[in-house]
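What follows is a set of notes on a single structure, which appears directly below.
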Amino acid sequence: MICASLQECIEMIAPKQIFAASSPLGGLGVLQLAQRYKLVAVTSGPVFNKIAVLEAIDNYGAEVRYAPRLHAAVYKMIGERECWVAGPPLTKSAVDGSSTSLSLYACTKAEGIDKIFSMGKPIESVNSRVLGGGRDGRDFDIVTQLRSLQVKGDDEEEVADKIIRSGAIGVDDLDVVSQMMWRLVSKWRARSAVVFKDPHVGLGISIPMIYYAVKAIALGQDCAEGKCIKTTTKLLERALKAVPSSKIHETWSSALRDPQSRRRIEESPYIPALLLLTGKSM
């Protein structure tokens with residue numbers, strides 16, 4: 001069967017799960033599919049909008065892997081039946097139907113091809129140079145390095161110092177670190193991707209949470225009335241009113257409503273430590 005676009009094929013097959021082998025790979029396309037279907041994707045790159053790929057992983061459970069020497073654009077779609085689609089690479093325009101690209105599909109079992117979807121390694125563990133570099137390459141590397149760290153400390157200054165010394169950001173001068181971190185969270189504040197995993201709370205701290213927490217501190221609107229933000233939980237509540245809607249942020253909001261989780265959040269040094277890395281403190 002022939003479809004006028006990948007979107008048309010998806011509508012005709014009505015899958016619940018999609019496996020995609022696509023080189024190149026567009027992060028916004030991955031995010032759109034992951035919001036609607038259970039998604040597994042594998043690519044050799046280049047990968048565009050890499051932070052959006054992380055958002056799809058963190059919020060929708062997408063599995064995205066890197067495998068070398070994979071030159072294909074093929075999809076396995078599973079709904080009431082199993083279908084295979086040969087079409088355009090996985091990009092936003094292909095998913096939303098804004099580009100015309102003929103696709104062919106057949107609903108049949110294809111023995112031996114499934115193994116391509118389990119090849120390679122998680123994209124979070126791959127350096128951006130391998131994924132094709134690009135303008136978001138350095139930021140992607142910093143984010144993936146930070147979120148892979150396992151840092152322990154008794155207070156925010158100790159945690160911040162250990163993060164800097166880990167080499168994840170690539171420099172050890174606090175002034176330079178703060179400039180880089182503020183630029184990063186400002187640039188990607190619309191992408192609800194985890195930048196650091198808080199082991200005390202058990203949740204991932206997102207890029208927008210840091211950005212809007214810093215903005216809340218900077219505004220200081222209530223200080224003249226003696227109502228300055230003095231606790232991590234109050235600061236987060238303010239920040240979460242401004243962040244984009246996402247599953248990560250819904251989870252944090254739910255945690256703040258639970259008394260036991262709220263205490264853990266207040267005791268955790270990790271959010272204050274990340275604020276220190278942007279040059280801000282409560």
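Bear in mind that the values here come from a model prediction, so they are computed numbers and not experimental data.
- Atom-to-atom distance recorded for Ser5:OG and Ile10:CD1 is 8.0 Å, nearest 0.5 angstrom.
- Between the Asn59 side chain and the Ile248 main chain, a donor and an acceptor come within less than 3.5 Å of each other.
- When all heavy atoms are compared, the tightest approach of Leu240 to Leu256 is CD1-CD1, 3.5 Å.
- Lys76 places a side-chain heavy atom less than 4.5 Å from the side chain of Glu82.
- Between Ser103 and Glu8, every side-chain heavy-atom pair lies at or beyond the 4.5 Å cut-off.
- Crowding of Asn127 atom CG: a count of heavy atoms from other residues, nucleotides or ligands under 6.0 Å exceeding 12.
- One finds a salt bridge joining Arg165 and Asp161 here, because a Lys/Arg side-chain nitrogen approaches an Asp/Glu carboxylate oxygen to under 4.0 Å.
- Side-chain atoms of Asp136 come within 3.5 Å of backbone atoms of Lys50 as a donor-acceptor pair (strictly under, hydrogens ignored).
- In this structure, CG on Asp96 lies 5.0 Å from CD on Gln32, to the nearest 0.5 angstrom.
- Remark: the backbone N or O of Ala52 is not paired with any side-chain donor or acceptor of Asn49 at under 3.5 angstrom.
- Between the Ser23 side chain and the Ser44 main chain, a donor and an acceptor come within less than 3.5 Å of each other.
- Ile205 CD1 to Leu275 CG: the interatomic distance, rounded to the nearest 0.5 Å, is 9.0 Å.
- Between the side chains of Thr144 and Glu124, no donor-acceptor pair is found at a separation under 3.5 Å.
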Can you check side-chain contact (heavy atoms from CB on, under 4.5 Å) on Lys16 and Lys38, steps first, answer last?
CA-CA 7 Å; Lys16 295 181 179 178; Lys38 186 176 181 181; over 6 Å; no
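- The aromatic ring centroids of Trp182 and Tyr211 lie less than 6.0 Å from each other.
- Distance check: Ser245 OG to Glu250 CD gives 5.0 Å after rounding to the nearest 0.5 Å.
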Between Arg147 and Asp58, is a salt bridge (Lys or Arg N to Asp or Glu O under 4.0 Å) present by the stated rule, with each step listed?
CA-CA 11 Å; Arg147 58 195 268 147; Asp58 296 335; 2.7 Å; yes
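- Considering all non-hydrogen atoms of both residues, Ile13 and Cys83 come closest at CD1-CB, 3.7 Å.
- When the side chains of ILVMFWY residues are joined at heavy-atom separations under 4.5 Å, either directly or via intervening members, Leu25 and Tyr60 end up in two distinct hydrophobic clusters.
- Nearest approach of Met209 to Gly204, heavy atoms of both residues: SD-O, 4.4 Å.
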Going through the checks in order, is the side-chain contact (heavy atoms from CB on, under 4.5 Å) test met by Gln35 and Lys247?
CA-CA 11 Å; Gln35 290 171 337; Lys247 291 188 177 182; over 6 Å; no
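- When each of Leu28, Leu6, Ile18 is checked for a side chain to side chain contact (heavy atoms under 4.5 Å, CB included) with Leu33, only Ile18 meets the rule.
- Judged by distance alone, the side chain of Ser118 and the main-chain N or O of Lys115 form a donor-acceptor pair under 3.5 Å.
- Using a 4.5 Å cut-off on side-chain heavy atoms (C-beta onward), Cys9 and Val85 make contact.
- The cluster map of Ile, Leu, Val, Met, Phe, Trp and Tyr, joined by side-chain heavy atoms under 4.5 Å apart, puts Ile271 and Trp188 in the same cluster.
- The existence of a salt bridge linking Lys162 and Glu158 is confirmed by a sub-4.0 Å separation between a basic side-chain nitrogen and an acidic carboxylate oxygen.
- Gln150 CD: 12 or fewer foreign heavy atoms inside a 6.0 Å radius.
- Side-chain atoms of His200 never come within 3.5 Å of backbone atoms of Tyr270 as a donor-acceptor pair (strictly under, hydrogens ignored).
- Scanning all heavy atoms of the two residues, the minimum distance from Pro199 to Val151 falls at CG-O, 4.3 Å.
- In this structure the side chain of Met119 never reaches within 4.5 angstrom of the side chain of Tyr66, judged on heavy atoms.
- The hydrophobic clustering, which links ILVMFWY residues whose side-chain heavy atoms are closer than 4.5 Å, places Val214 and Leu274 together.
- Phe48 and Val30 sit in two unconnected hydrophobic clusters of ILVMFWY residues. Membership requires side-chain heavy atoms under 4.5 Å apart, directly or through other members.
- At least one side-chain heavy atom of Val64 sits less than 4.5 Å from a side-chain heavy atom of Val53.
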Any chance you could lay out the side-chain contact (heavy atoms from CB on, under 4.5 Å) test for Thr43 and Leu70, step after step, and finish with the verdict?
CA-CA 6 Å; Thr43 183; Leu70 179 67; 5.6 Å; no
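- Ser268 places no side-chain N or O within donor-acceptor distance of the main-chain N or O of Arg264, the cut-off being under 3.5 Å.
- A continuous path of Ile, Leu, Val, Met, Phe, Trp and Tyr side chains, each step under 4.5 Å between heavy atoms, connects Tyr212 with Ile210, placing both in one hydrophobic cluster.
- Between the side chain of Glu266 and the main chain of Thr233, a donor-acceptor pair closer than 3.5 Å is present.
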Checking side-chain contact (heavy atoms from CB on, under 4.5 Å) for the pair Ile113/Trp84: CA distance, chi angles, key distance, verdict?
CA-CA 10 Å; Ile113 303 179; Trp84 289 80; 3.6 Å; yes
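- Side-chain contact between Leu277 and Met180 is absent, with no heavy atoms from C-beta onward closer than 4.5 Å.
- Counting heavy atoms of neighbouring residues, nucleotides and ligands inside a 6.0 Å radius, atom CD of Gln17 exceeds 12 of them.
- For the pair Ala73 and Pro89, the tightest heavy-atom approach, listed with the atom from each and the gap, is CB-N, 3.8 Å.
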Just do the side-chain hydrogen bond (donor to acceptor under 3.5 Å, both in side chains) check on Arg183 and Ser186 with the steps written out, would you?
CA-CA 5 Å; Arg183 182 193 59 80; Ser186 298; over 6 Å; no
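- Distance check, rounded to the nearest 0.5 Å: CE of Met181 to CG of Asp139 gives 10.0 Å.
- The CD1 atom of Ile78 lies 14.0 Å from the OH atom of Tyr37; values are rounded to the nearest 0.5 Å.
- Two residues are said to be in side-chain contact when any heavy atoms from C-beta on lie closer than 4.5 Å; Val74 and Ile116 meet this criterion.
- Using a distance-only test at 3.5 Å, with no hydrogens or angles considered, a donor-acceptor pair links the side chain of Ser22 to the main chain of Leu90.
- The two residues Ala67 and Val42 have their closest heavy-atom pair at CB-CG2, 3.7 Å.
- Contact check for Leu276 versus Val159: no side-chain heavy atoms found under the 4.5 Å cut-off.
- Using a distance-only test at 3.5 Å, with no hydrogens or angles considered, a donor-acceptor pair links the side chain of Ser128 to the main chain of Gly137.
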